[in-house]
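Notes follow the structure.
Just follow the structure's listing: the first ligand is 1, and inside any ligand the first atom is 1. Numbers for residues simply follow the sequence, beginning at 1. Since the structure is predicted, the reported quantities are computational estimates derived from the model, not experimental observations.
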Amino acid sequence: MTSRKRERRRLGRRGLPRPLGRLALGLVRGTSTECGVWGGRASPVFFPRRSLMSRPPAAITAHVASLGDRGDGVTEPVAGRHYYVPGALPGEEIRLIPGPRRGDGWAATLESVLSPSPNRVAPPCPHAAQCGGCDLLHLDPAAQATWKRAKVERALAHRGLDDVMVRPLLSVGLGTRRRLAVGLRGRKAGGVAGFHERASSRLIDTPSCCLPTPALHQALAVLRHHAGDFLEPGEEVQALLTETETGVDVVIDAPRGPDLAVREALVALAQTADFARVALRRKSTVDPVAERRAPTLTLGGQELRLPPGPFLQPSREGEGHLVALVLEALAGLAPGSRVVDLFCGVGTFSVPLAATGLQVEAYDEAATAVAPLSRASTRIRAQARDLFRNPLAGGEWQGVTAAVLDPPRAGAQGQTQALAEAGPAHLALVSCAPGTFARDLRVLVEAGYEVAWVQPVDQFTGSHHVEVVAKVTRG
Ligand SMILES: C[S@@+](CC[C@H](N)C(=O)[O-])C[C@H]1O[C@@H](n2cnc3c(N)ncnc32)[C@H](O)[C@@H]1O
């Protein structure tokens, strides 16, 4: 060995003596790293390379005090830290593996349950331990219902609305999802169709998923079998599946090109699976590749041609509950009264409201959703409009008797403010996010509106999500 080689060997690759040469130089700012907690200020420190740091942090014992709003067990403080632990339930004694900082506490993974909660059940899905799609399948459905209602009450109390009447939860069972967004990955033969692994971006196969309707379950099996026909091995895309009355509608994010071979493979797939339609989505453009039958849905007794892509309530049963509640909230209006449906989507509420004899003005930013809506009934006038940038305001509310608001998760702060100033006496509010719902409701209450009732609806059994409908009036 030459002397230069000997010297390089002694110093290691970074020119440091060997024992330090196997450490990497880093700047660490007062948080934990995999090998422990470092000082408070940013300071140069040496920390071991991964190969030397691979010993996982030691498990610790903790008591779970409550369920956080995202469905994680929240522990009592251990050495001044409370941990968020997916899979843990209130009242349980657990062993957890500490993770990095998360919000006002620390993330952790559940190592084992020392004393299980009486509300713990065997998840009704064989993928539950691994899949990141559902986060509360291990909690008894009755306890889920109690927790979801309490979650809505907490959100309201946080905005000083403790005295609002919250009804018992209405629940939709598993196996009812007519719409699902899934990941697809190609293999040399066949492929993967499923969801991301828990706390990971790795797509896993979920052939026995308990969410979809039988028709969607079957469609997923075909897509899994044929993913390799239109995806390269390892290539991943998102797909949106909807069970309609004429068959399954599939929108797939365009892989590569999309080239002729992909299109031909999808046309063949539509034929093999007897899909109603297969479309490719590239950014905001959705391009039907094969339409064997027009995908249709019945809303309020009216047949509607479903455009590919826009929002749709995920289950027929959940949609039924929401529509019945909106009709209840706006019951008793004189025929011909003008009702505004804000964030109307494909017309889930507009069409049934029009069917009761009301005149509906419907707005949504999704032009593809509103386009077929005006044609659905002579009593509906639908318009594409960005209600965040351009809320319905002032004189536009003149002569309007009632309104429905069903915004996305972010809520509708600006639109609610404009509504509070000039809006009608009768409101039906619908939301999938109790936090923003309570924030916007507070604006209305401060403007003189009263809340008759709030009804939680659970279309997402087995997850931490919950929706709400409210009847709100101004005298
Ligand atoms: C929760 S969905 C409700 C749709 C419909 N009410 C239903 O039940 O099917 C929210 C809707 O808000 C629409 N949206 C999102 N951002 C918007 C914006 N800035 N202006 C208008 N509509 C918007 C979406 O296109 C979507 O249709």
Contact with ligand 1 for Cys432, non-hydrogen, under 4.0 angstrom: no

Side-chain donor-acceptor pair present, Thr246, Thr244, cut-off under 3.5 Å: yes

Residue Glu446 excluded, over 12 heavy atoms near CD under 6.0 Å: yes

Heavy atom of the protein closest to atom 22 (N) of ligand 1 (residue, atom name, distance): Glu365 N, 3.1 Å

Nearest-neighbour protein heavy atom for atom 3 (C) of ligand 1, which is reported as residue plus atom name and distance: Asp406 OD2, 3.1 Å

N or O pair under 3.5 Å between Asp386 and ligand 1: yes

Thr461 and Gln144: side chain donor to acceptor below 3.5 Å: no

Side chain Glu92, main chain Ala65, donor-acceptor under 3.5 Å: no

Under 4.0 Å to a heavy atom of Pro408 - the qualifying atoms of ligand 1, by number: 10 (C), 12 (O), 15 (C), 16 (N)

Neighbour count >12 (heavy atoms, 6.0 Å) for atom CZ, Arg474: yes

Sub-3.5 Å N/O-N/O distance, Phe311 and ligand 1: no

Over 12 non-hydrogen atoms of neighbours within 6.0 angstrom of CD in Glu450: no

Ion pair Glu361/Arg338, N-O distance below 4.0 Å: yes

Heavy-atom nearest neighbour of atom 1 (C) of ligand 1 within options Ala412, Pro407, Gly347: Pro407

Pairing of Asp274 and Arg292 as salt bridge, 4.0 angstrom limit: yes

Any Ala369 heavy atom less than 4.0 Å from ligand 1: no

Atoms in ligand 1 flagged as close to Arg385, the criterion being non-hydrogen separation under 4.0 Å: 20 (N), 21 (C)

Polar atom proximity, Phe349 to ligand 1 (N or O, under 3.5 Å): no

Top protein contact for atom 8 (O) of ligand 1, by heavy-atom distance: Gln313 NE2, 2.8 Å

Residue, atom name and distance, where the atom is the protein heavy atom closest to atom 25 (O) of ligand 1: Asp364 OD1, 2.7 Å

From Arg178, Glu243, Arg177, residue fulfilling side-chain hydrogen bond (donor to acceptor under 3.5 Å, both in side chains) relative to Thr213: Glu243

Protein heavy atom at shortest distance from atom 20 (N) of ligand 1: Leu387 N, 2.8 Å

For Thr348, atoms of ligand 1 separated by under 4.0 Å from a heavy atom: 7 (C), 8 (O), 9 (O)

